[in-house]
Amino acid sequence: MTEELTLLAEAGAAAVVAAMATDLWQSTREAVLGLFRRGDPDRSASVEARLDGNASMVRGTASPDDVRQALLGAWALELEALLRRAPSCRTSLARLVAEVDGALRDGRGRPVLEQTNTARDSGTVLAVQYGDLHAYGPDRAGAPPGADRSS
């Protein structure tokens, strides 16, 4: 039983840190906070602060995987302690691990990229993340064949 608990805690920690700085983060964060609110309500505020601080570190570094690796052990210990105090959280944590793993495997856990675009002095900004942008000048010169050139 102890080995099973440790493995689940480690899998949970891996899911938590893997979700940091991805578009899975908010739902993962809320699920982890829900576990602590149910299993250890006195610690939920400090856990929330740690989650937010850790996610901020992952977002703010040039090597997020190194930061995730460094955080892994601490979250494994935190989750194992939670599971010992509140065994009823096991099923929910296992479900969270499966959801995060499935989303990452399906490519739904893309990194969240922060982007700031500023146009000044009558300038124009054309920007896109995770997609294509096709833009043509006001005279529509160079527009693809079949494009309406009348405007």
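When atom types are taken as modelled, the side chain of Ser56 and the backbone of Asp52 share no donor-acceptor pair closer than 3.5 angstrom. Counting only distance, with no hydrogens or angles, the side chain of Thr61 and the backbone of Met57 share no donor-acceptor pair below 3.5 Å. For the pair Arg38 (side chain) and Ser88 (backbone), a donor-acceptor distance under 3.5 Å is present.
Side-chain contact between Leu51 and Thr28 is absent, with no heavy-atom pair separated by less than 4.5 Å. Side chains of Asn54 and Trp75 form a contact here, defined as non-hydrogen atoms less than 4.5 Å apart. Side-chain contact between Val100 and Val16 is absent, with no heavy atoms from C-beta onward closer than 4.5 Å. Contact annotation: the side chain of Arg90 approaches that of Leu5 to within less than 4.5 Å [non-hydrogen atoms, C-beta and beyond]. A heavy-atom distance below 4.5 Å is not found between the side chains of Leu8 and Glu4.
Few gaps surround CD on Glu30; more than 12 heavy atoms of other groups in view lie less than 6.0 Å from it.
In terms of heavy atoms, Leu24 sits closest to Ala103 at CD2-CB, 3.6 Å. Taking each heavy atom of Ala18 and Leu104 in turn, the nearest pair found is CB-CD1, 3.7 Å. When all heavy atoms of Ala9 and Leu79 are compared, the closest pair comes out as O-CD1, 3.8 Å. Residues Leu35 and Ser92 share a closest heavy-atom pair of CD2-CB, 3.4 Å. Nearest heavy-atom pair across Ala76 and Ala13 is N-CB, 3.3 Å.
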- For side chain to side chain contact (heavy atoms under 4.5 Å, CB included), just list the numbers for Val58 and Leu71, CA-CA rounded to whole Å, side-chain angles, deciding distance to a tenth of an Å, and then say yes or no. CA-CA 10 Å; Val58 171; Leu71 296 171; 4.1 Å; yes

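Residue pairs meeting the salt bridge (Lys or Arg N to Asp or Glu O under 4.0 Å) criterion with at least one partner in residues 78-89, sequence neighbours excluded, are Asp40-Arg85, Arg43-Glu78, Arg50-Glu78, Glu80-Arg84.
Among residues two or more places apart in sequence or in another chain, the side-chain hydrogen bond (donor to acceptor under 3.5 Å, both in side chains) test is passed with Arg68 by Asp65.
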